[in-house]
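Worksheet for the structure shown next.
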Amino acid sequence: MRLILLGPPGAGKGTQANILSEKLKISTISTGAMLRNAIRENTELGRRAEKYLSDGQLVPDDLVVAIVKERLSRDDCKNGFILDGFPRTIVQAEALDASGVKVDKVLSIEVPDETIVERLSGRRECKSCGTPYHILYNPSKSGERCEKCGGELICREDDNVETIKKRLAVYHEQTEPIKGYYGKQGKVVSVHGREKLEDTVKEVFSALNIDTQ
Ligand code: AMP
């Protein structure tokens, strides 16, 4: 399965990506996580990307396309992958097509704007491995720590009301048109991002024809 996850910030793409990744035994490629890592490690990429992330804007297409192409060329992507947060513009989608990478499906997770701010204010992520949580809808079984690696759970810097509003505007302007792009290729399936994680998971598995056992 070569899958793209699409949806506004806070729709639960990262959470669904993790669940699907374990179920299907394929890697998740999260451009947001790759960029945040690069910023933490103060690499050249991180230094170039930092201002865009903190301002809620998109990192220039050429930078992101380059890191995704490199990542997709690795062995663990040969049998499939889940792209979380890429493509985010038509230019990126065209670049992916042009690189010869074939995508099977685009899963669009729909969440109304009104609920995004509330959702994102409860979001946490592991400082070490990036696993996403939500204090109400997807709490860690290990309390204040990551249930996978024991890392510290933190709020993302761009999850503040002002930046969230900018990210939503950017999503509607630049990313949502991708639905039409892949719609023409007959690849889009849509689900509702529900409050209860298990309800969304059920819908996602059924939309992708994945056995729940
Ligand atoms: P995310 O973790 O997917 O919410 O991404 C966090 C931030 O990383 C976004 O607000 C952008 O600044 C940047 N970013 C992630 N993916 C992309 C992408 N495909 N194109 C451009 N910028 C991106």
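In this chain, numbering begins with 1 at the start of the sequence shown. We count ligands from 1, going down the list as the structure has it; atoms in each ligand are counted the same way.
The pair Glu22-Lys148 meets the salt-bridge criterion, with a side-chain N (NZ, NE, NH1 or NH2) lying under 4.0 Å from an Asp/Glu carboxylate O. A salt bridge is defined here as a Lys NZ or Arg NE, NH1 or NH2 lying under 4.0 Å from an Asp or Glu carboxylate O, and Asp55 with Lys166 meets this definition.
When only interatomic distances are considered, the shortest N/O to N/O separation between Gly56 and ligand 1 does not fall below 3.5 Å. Geometrically, ligand 1 and Arg88 share a nitrogen or oxygen pair separated by less than 3.5 Å. Looking at ligand 1, you won't find any N or O of Asp84 less than 3.5 Å from one of its N or O atoms. Some N or O of Thr31 is nearer than 3.5 Å to an N or O of ligand 1, by distance alone.
Within the listing of ligand 1, atoms 8 (O), 13 (C), 14 (N), 15 (C), 23 (C) sit less than 4.0 angstrom from a heavy atom of Leu35. For ligand 1, the atoms sitting less than 4.0 Å from at least one non-hydrogen atom of Gln57 are 11 (C), 12 (O), numbered in the order shown with element in parentheses. Taking every heavy atom of Val64 and a limit of under 4.0 angstrom, the matching atoms of ligand 1 come to 18 (C), 19 (N), 20 (N), 21 (C). For ligand 1, the atoms sitting less than 4.0 Å from at least one non-hydrogen atom of Gln92 are 18 (C), 19 (N), 20 (N), 21 (C), numbered in the order shown with element in parentheses. Of all atoms in ligand 1, listed by their number and element, those nearer than 4.0 Å to a heavy atom of Gly85 are 16 (N), 17 (C), 18 (C), 19 (N).
A donor-acceptor contact closer than 3.5 angstrom links the side chains of Glu110 and Ser108. Using modelled atom types and a 3.5 Å distance limit, the side chains of Gln185 and Asp97 yield a donor-acceptor pair.
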Give the C-alpha distance, both sets of side-chain angles, the deciding distance and a yes or no for salt bridge (Lys or Arg N to Asp or Glu O under 4.0 Å) between Arg194 and Glu203.
CA-CA 9 Å; Arg194 312 261 174 207; Glu203 236 187 276; 2.9 Å; yes
Let's go through Arg167 and Asp159 carefully: what are the C-alpha distance in whole Å and the side-chain angles of both, what is the deciding distance for salt bridge (Lys or Arg N to Asp or Glu O under 4.0 Å) to 0.1 Å, and is it a yes or a no?
CA-CA 10 Å; Arg167 286 160 61 206; Asp159 280 350; 3.0 Å; yes
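Ligand 1 is approached by Arg36 to a heavy-atom distance shorter than 4.0 Å.
For atom 22 (N) of ligand 1, the closest non-hydrogen atom on the protein side is Val59 N, 3.0 Å.
A donor-acceptor pair is defined here as one N or O able to donate and one able to accept, closer than 3.5 Å; such a pair exists between the side chain of Asn160 and the backbone of Glu157.
Of the heavy atoms in Arg156, only side-chain atoms (C-beta onward) come closer than 4.0 Å to ligand 1.
Summarising the geometry, atom CG belonging to Asp158 is positioned 6.5 Å from atom CZ belonging to Arg36; distances are rounded to the nearest 0.5 Å.
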